[in-house]
Amino acid sequence: MIATVRTPVGELKVIAEVQFVAGVLWARNVHVQGLSPGALGRAGLNAVARTFLEEADAEALVVEGAARTTGANPHRRPRTFRYPR
């Protein structure tokens, strides 16, 4: 899936492998680009996750980031985030 998310501070492009299993929306190998690091903050990320949950009518969203290609700690995967409804 490729999605463009418009936020009050700018646009995010999200690329992920998406799967819907037993009411849970899984987003694996997620890449996000478009805003400077920390521009949205945790509250902004939570708002984006809630929107995805509502649109998919899911009970939870699990986001597993892809391995970093550059920047801080290349080849390391960020921790998994779980957003309940």
Side-chain angles (χ1 to χ4, degrees):
M1 172 185 90
I2 300 172
T4 300
V5 180
R6 289 184 181 89
T7 72
V9 294
E11 285 188 356
L12 284 176
K13 293 244 190 240
V14 180
I15 301 170
E17 298 171 12
V18 178
Q19 189 175 23
F20 195 75
V21 179
V24 177
L25 183 62
W26 288 83
R28 293 186 172 100
N29 293 318
V30 177
H31 290 276
V32 178
Q33 69 179 31
L35 294 176
S36 60
L40 272 180
R42 184 60 186 213
L45 291 174
N46 290 345
V48 170
R50 275 193 307 277
T51 301
F52 275 108
L53 283 168
E54 290 172 11
E55 290 296 319
D57 194 27
E59 294 302 315
L61 168 64
V62 179
V63 179
E64 296 177 348
R68 296 175 187 255
T69 55
T70 62
N73 302 312
H75 309 292
R76 184 180 83 58
R77 290 185 179 271
R79 70 182 179 108
T80 300
F81 289 96
R82 182 178 181 89
Y83 297 93
R85 189 154 200 190

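- The structure places CG of L61 at 12.0 Å from CZ of R50, a figure rounded to the nearest 0.5 Å.
- Using a 4.5 Å cut-off on side-chain heavy atoms (C-beta onward), W26 and V18 make no contact.
- When every heavy atom of E11 is checked against every heavy atom of L35, the shortest pair comes out as O-CG, 3.8 Å.
- At least one donor-acceptor pair closer than 3.5 Å links the side chain of T7 to the backbone N or O of G10.
- For the residue pair F52 and A3, the shortest heavy atom distance occurs at CZ-CB, 4.4 Å.
- Within the model, atoms CG of L25 and CD of Q19 stand 9.5 Å from one another, a figure rounded to the nearest 0.5 Å.
- No more than 12 heavy atoms of other residues, nucleotides or ligands lie within 6.0 Å of CZ in R6, so this atom counts as exposed by the packing criterion.
- Nearest approach of P78 to A66, heavy atoms of both residues: CD-O, 3.3 Å.
- Residues satisfying the side chain to side chain donor-acceptor pair (under 3.5 Å) criterion with N29, sequence neighbours excluded, are E17, R77.
- Linking Ile, Leu, Val, Met, Phe, Trp and Tyr residues whenever their side-chain heavy atoms come within less than 4.5 Å leaves L45 and I15 in two separate clusters.
- At a threshold of 4.5 Å between side-chain heavy atoms, the hydrophobic network of Ile, Leu, Val, Met, Phe, Trp and Tyr places V62 and M1 in two separate groups.
- In this structure, the separation between CZ on R82 and CD on E64 is 10.5 Å, given to the nearest 0.5 Å.
- Listed by chain and number, the residues in a side chain to side chain donor-acceptor pair (under 3.5 Å) with T4 are K13 (sequence neighbours excluded).
- Hydrophobic clustering keeps L53 apart from V24 (ILVMFWY residues linked when any side-chain heavy atoms are closer than 4.5 Å, directly or through intermediates).
- In this structure, V32 is a member of the same hydrophobic cluster as V63, with clusters built from ILVMFWY side-chain heavy atoms closer than 4.5 Å.
- Nearest approach of A67 to H75, heavy atoms of both residues: CB-O, 3.9 Å.
- Residues Y83 and L40 are members of one and the same hydrophobic cluster, defined by side-chain heavy-atom contacts under 4.5 angstrom among Ile, Leu, Val, Met, Phe, Trp and Tyr.
- Distance CZ/R76 to CZ/R68: 5.0 Å, rounded to 0.5 Å.
- Of all heavy-atom pairs between A58 and F20, the closest is CB-CE1, 3.6 Å.
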